[in-house]
Amino acid sequence: MKIIVSILVLASLLLITSSLASATISDAFGSGAVAPAPEIKYGPALEKWCGQKCEGRCKSAGMKDRCLKYCAICCKDCQCVPSGTYGNKHECACYRDKLSNKGTPKCP
């Protein structure tokens with residue numbers, strides 16, 4: 001019984017340290033949390049910022065032009081774009097919750 005408890009404690013410690021290490025590594029390389037939009041709420045500065053973020057978001061999309069179009073719409077409305085090329089929508093609630101008129105997710 002003592003052996004099983006010690007194995008469970010050791011396994012949980014390993015899981016905790018590995019998750020902390022991966023969080024530290026992702027923050028060190030800049031792939032952590034989503035960057036906030038610039039203070040400018042409209043105009044060319046926001047469009048440039050959204051364009052850069054959407055390029056990264058849509059770089060591996062099958063229909064890149066459609067992805068860029070909808071990403072830009074969502075970015076201008078929400079003023080954030082989740083990190084990575086897929087998923088991570090928890091980083092930007094507005095981006096995650098936007099729906100098309102068919103009820104499907106609007107933002108890529």
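The figures that follow rest on heavy atoms only: side chains count, while hydrogens, waters and symmetry mates do not. No experiment lies behind these values; they were computed from the predicted model shown.
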Cut-off 3.5 Å, no hydrogens considered: what does the side-chain donor-acceptor table look like for residues 62-74, sequence neighbours left out?
none

Partner residues of Asp97 under the side-chain hydrogen bond (donor to acceptor under 3.5 Å, both in side chains) criterion, sequence neighbours left out: none
Before giving the answer on disulfide (SG to SG under 2.5 Å), spell out for Cys94 and Cys80 the whole-Å C-alpha distance, their side-chain angles and the decisive distance to 0.1 Å. CA-CA 8 Å; Cys94 170; Cys80 64; over 6 Å; no
Pairing residues for Lys98 by the side-chain hydrogen bond (donor to acceptor under 3.5 Å, both in side chains) criterion, not counting sequence neighbours: Asp77
If I compare all heavy atoms of Glu47 with all of Lys76, which pair ends up nearest, and what's the gap? CG-CE, 3.7 Å
Indicate the atoms forming the closest heavy-atom contact of Pro82 with Gly87, along with that distance. CB-O, 3.9 Å
What residues, two or more places apart in sequence or in another chain, satisfy side-chain contact (heavy atoms from CB on, under 4.5 Å) together with Ser60? Thr85
Sequence neighbours excluded and cut-off under 3.5 Å, please list the side-chain donor-acceptor pairs for residues 100-108, or say none.
| from | atom 1 | to | atom 2 | distance (Å) |
| --- | --- | --- | --- | --- |
| Ser100 | OG | Lys102 | N | 3.2 |
| Ser100 | OG | Thr104 | N | 3.4 |
| Ser100 | OG | Thr104 | O | 3.3 |
| Ser100 | OG | Thr104 | OG1 | 2.8 |

Cys54-Cys75 sulfur separation below 2.5 Å? no
